[in-house]
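Keep in mind that what you see is a predicted model, and the values were worked out from it rather than measured. All ligand and atom numbering here is 1-based and tracks the order in the structure. Values below: every heavy atom of this structure, side chains too, minus hydrogens, waters and symmetry copies.
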Amino acid sequence: MDKSQGRVSRDGAAAELPPVATHSGHRGLVMDEKLIFEQGVEGRCGVDLPEPPKVARRLGGLERKAPVGLPGLSEPQVIRHYTRLSQKNFAIDAGLYPLGSCTMKHNPRLNEKAARMAGFADLHPLQPISTVQGALELMDQLSNWLTTLTGMPAVALSPGAGAHGEFCGMVAIRAAIEARGEAATRRRVLVPESAHGTNPATAAAIGFEVDAIPADARGRVDVAALKAKLGPDVAAIMLTNPNTCGLFEPDIVEIARLVREAGGYFYCDGANFNAIAGRVRPADLGVDAMHINLHKTFSTPHGGGGPGSGPVVFSARLAPHLPVPYVVRDAGGFRLVEHQSGAPSSLGRLKGFHGQMGMFVRALTYMLSHGADGVRQASNDAVLNANYVMARLQDVMTAAFEGPCMHECLFDDRFLKDTGVTTLDFAKAMIDEGYHPMTMYFPLVVHGAMLIEPTESETKESLDLFVDTLRSLAARAKAGEAEHFRAAPRLTPRRRLDETRAARAPVLRWKPKAAPVPRAAE
Ligand SMILES: *Cc1c(COP(=O)(O)O)cnc(C)c1O
């Protein structure tokens, strides 16, 4: 038994809750939901189906010999199953979601209303162009917002997520290098150590060599180390700004100049545009290509909530390589350039059809309902909220770097030194307190990292409760209550899981238990 069970907590307010074993497996009104196949009973059916008419067999002996194996369920069983599953999906609509680097943004209901309008929702990508002029105009307006906010002349809307946008931008860079006749020599891509994992993965997937640049003591790119790495074989740098430590790269203009002078291109990971939209135009920083995660900056759902969308803006020197399709407007209205025959330098097509239309509708709705001043305000609030959290926590937790942060604040595990509590234990204890943990152990350049990004739409009361909860946990860790942390989470349907085994040996397929052996055959 856990020593801390039944003990009164430090402030005397609430008794420590013992883990409860229930007969049903349910915990309070949190249901323990079996797999749908485990619930099924052979022969049960939610609807009355007519007897199928007798037909002549025409499958030449290829008919199924055994039952399909679908679970037999009543209609209420099906409804309950999916309703319960939906309740297990923690979302920004359910509570504060402080995941750093992911920008869990509130998705205003107005966006959903617009996306569900039949004129958008019921479109088919193969409809004649004359019947989708409104949709193309929406894509054109969205492009206009993105090029205006970034100061970049061209945009590719089709990439399906941030990482896909990186791929698009880096393939464009490769196309530009090929056009210069330097494909055989310019093969190295510089990636700061603090980069998001997708950056080196993208460069490597395209066939570039990845060369890491160290971070300096301030958590920024070490410019001297960068200079030493520049040469005629450098194709590009992939740099995130604000970087994954939540810090603005103050030397970015100098970095862009150096890379360009060496003949390379500047790919900026713009997933964190939410921190600077309306305040900084990437074009003014010397960027050649940058993806924008609509699902992070312009409030469309992501993760379990829906598909992402990763448009990429291009500088003038990359614009000729824009992927198809893209929207153009001429005397006859809007049309799509669909084939490389109409765009000979284009890098080609990245995706079936034109991109995530539903995301485009949500993003433009967000932009139009906020206006340019509102987009800027959202960036201000994102930065303000993160700095508020950092300022209120830095006397009890250890900030990884000095000075103000951008949209997310980064702590390391020095404050847990000698407490016997790890970053993982701390995160699990947060779950019992009703918080999805922050991003843990990332970025890798910081030991035991805890990266907190509060959504800009959180109220001060909600941020205060979050901060006070973390303060109380930090105090309990320092007071020697390591057991409390090691036993967490206590209040979830499942306790501490073997995460390594789950990742290494995932069980992805349900298999029926072996049928009982009939008596006669024993
Ligand atoms: C989220 C993120 C990405 C990847 O975006 P996806 O849409 O998840 O593919 C890349 N870089 C950074 C810095 C990010 O935060």
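Interface of Ala161 with ligand 1, defined as ligand atoms under 4.0 Å from a residue heavy atom, comprises 7 (O), 9 (O). Taking a cut-off of under 4.0 Å to the non-hydrogen atoms of Glu166, the atoms of ligand 1 that pass are 10 (C), 11 (N). Proximity to Thr198 (heavy-atom distance under 4.0 Å) selects the following atoms of ligand 1: 10 (C), 11 (N). Heavy-atom contacts of Ala271 reach the following atoms of ligand 1: 2 (C), 11 (N), 12 (C), 13 (C), 14 (C), 15 (O) (cutoff under 4.0 Å). With ligand atoms numbered from 1 in the order given, ligand 1 contributes 4 (C), 5 (O), 6 (P), 9 (O) to contacts under 4.0 Å with heavy atoms of Ala163. Each of the following atoms of ligand 1 lies closer than 4.0 Å to a heavy atom of Ser101: 1 (C), 14 (C), 15 (O).
In this structure, Arg260 is not positioned above the aromatic face of Tyr265 in the sense of NZ or CZ being under 6.0 Å from the six-membered ring centre and within 45° of the axis.
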*Is there a side-chain hydrogen bond (donor to acceptor under 3.5 Å, both in side chains) between Gln377 and Asp381 once you walk through the steps?*
CA-CA 6 Å; Gln377 182 71 46; Asp381 291 349; 3.0 Å; yes
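Of the protein's heavy atoms, Asn293 ND2, 3.0 Å lies nearest to atom 5 (O) of ligand 1. For atom 13 (C) of ligand 1, the closest non-hydrogen atom of the protein is Asp269 OD2, 3.4 Å. The protein heavy atom nearest to atom 1 (C) of ligand 1 is Lys296 NZ, 1.4 Å.
We find that Glu112 and Arg109 are not joined by a salt bridge, their nearest charged nitrogen and carboxylate oxygen being 4.0 Å or further apart. Between Arg188 and Asp233, at least one side-chain N (NZ, or NE/NH1/NH2) sits under 4.0 Å from a carboxylate O, which counts as a salt bridge. A salt bridge is absent between Arg220 and Asp251; no separation between the charged side-chain nitrogens and carboxylate oxygens falls under 4.0 Å. A salt bridge is defined here as a Lys NZ or Arg NE, NH1 or NH2 lying under 4.0 Å from an Asp or Glu carboxylate O, and Asp222 with Lys227 fails to meet this definition. Under the 4.0 Å criterion applied to side-chain N and carboxylate O atoms, Arg84 and Glu33 are assigned as salt-bridge partners.
For the atom pair OG1 (Thr150) and CG (Asp284), the distance works out to 9.5 Å, reported to the nearest 0.5 Å.
The shortest N or O to N or O distance between Asn199 and ligand 1 is not under 3.5 Å. In terms of polar-atom proximity, defined here as any N/O pair under 3.5 Å, Thr244 makes no such contact with ligand 1. In terms of polar-atom proximity, His164 is not counted as a contact of ligand 1, lacking any N or O under 3.5 Å from an N or O of the ligand.
Residue contact annotation: Cys102 has no non-hydrogen atom under 4.0 Å from ligand 1. Using a non-hydrogen distance threshold of 4.0 Å, His302 does not register as a contact of ligand 1.
For atom 6 (P) of ligand 1, the choice among Gly160, Gly162, Ala201 with the nearest heavy atom turns out to be Gly162.
Each of Glu408, Glu456, Met406 was checked for a side-chain contact (heavy atoms from CB on, under 4.5 Å) with Asn274, and the lone residue meeting it is Glu456.
Residue Pro159 comes nearest to Leu350 through the heavy atom pair CG-CD1, 4.2 Å, listed as atom of the first residue, atom of the second, then distance.
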